[in-house]
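In what follows, a structure is listed as structure tokens, so that the remarks can point back to it.
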Amino acid sequence: DLLLCVLQILILFLPECYTDFLKEDFDVKTYTAQAIHHAVIAEQLAKLAEGISQLDKELHCQVVARHEDLLAQATGIESLEGVLQMMQTRIAALQSAVDRIRTKIVDPYNKIVARTAQLARLQVACDLLRRIIRILYLSKRLQGQLQGGSREITKAAQSLNELDKCR
């Protein structure tokens, strides 16, 4: 804010011939070419030197007039830098704590996921084994019933039906 104020005050004290320098479309090469073309280089240099001298004087006056404000802002910047450094240290410590917590959570979570998948595969395998055992039992019983002849034919049909359901 203060620097902006100083710049605005300096602009007010500029002679009219220096307002060209403040334009957004100011081009150094064009300005120089025009000065050379009009052969007024020495005159332009003298004006520039005089303008620079005036700006230096005005800047000095403004700095002297606002010395206390400038010092207060400089002190404020130093204290802000200290606060910023402290915040960066705290952020780094917080990031370290987050990383530690993440390892304490992520590793167990990954183990749980792996064990859950393993358990699911074991359940499928156990289910298949139960079905295989049931099929073996029914096929053994069916063989015995088929050897029993015609009086075991209804029991054999029932065993075949159970075997069909086991697929």
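Residue Leu146 comes nearest to Ala156 through the heavy atom pair CD2-CB, 4.1 Å, listed as atom of the first residue, atom of the second, then distance. For the pair Arg134 and Cys166, the tightest heavy-atom approach, listed with the atom from each and the gap, is CG-SG, 3.8 Å.
Within the structure, the side-chain hydrogen bond (donor to acceptor under 3.5 Å, both in side chains) test picks out the following pairs touching residues 143-156 (sequence neighbours left out): Gln145-Ser159. Sorted by first and then second residue, the salt bridge (Lys or Arg N to Asp or Glu O under 4.0 Å) pairs involving residues 110-127 (not counting sequence neighbours) are Asp127-Arg130.
Distance check, rounded to the nearest 0.5 Å: CZ of Arg100 to NZ of Lys104 gives 7.0 Å. Atom-to-atom distance recorded for Leu138:CG and Leu142:CG is 8.5 Å, nearest 0.5 angstrom. How far OG1 of Thr89 is from CG of Leu84: 9.5 Å, rounded to the nearest 0.5 Å. Taking CD1 of Ile101 as the reference point, atom CG of Leu94 lies at 8.5 Å (rounded to 0.5 Å). To the nearest 0.5 Å, the span separating CZ on Arg131 from NZ on Lys165 amounts to 14.0 Å.
Clustering ILVMFWY residues whenever any of their side-chain heavy atoms sit less than 4.5 angstrom apart, transitively, puts Leu163 in the very cluster that holds Tyr137.
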Step-by-step side-chain contact (heavy atoms from CB on, under 4.5 Å) determination, Ile91 to Gln88
CA-CA 5 Å; Ile91 289 171; Gln88 287 174 338; 5.5 Å; no
Do Lys140 and Leu136 pass the side-chain contact (heavy atoms from CB on, under 4.5 Å) test, and can you show the C-alpha distance, the side-chain angles, and the key distance before you say yes or no?
CA-CA 6 Å; Lys140 195 176 211 182; Leu136 286 174; over 6 Å; no
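For Met86, the CE atom counts as densely surrounded, since its 6.0 Å shell holds more than 12 non-hydrogen atoms of other residues, nucleotides or ligands.
At least one donor-acceptor pair closer than 3.5 Å links the side chain of Ser139 to the backbone N or O of Ile135.
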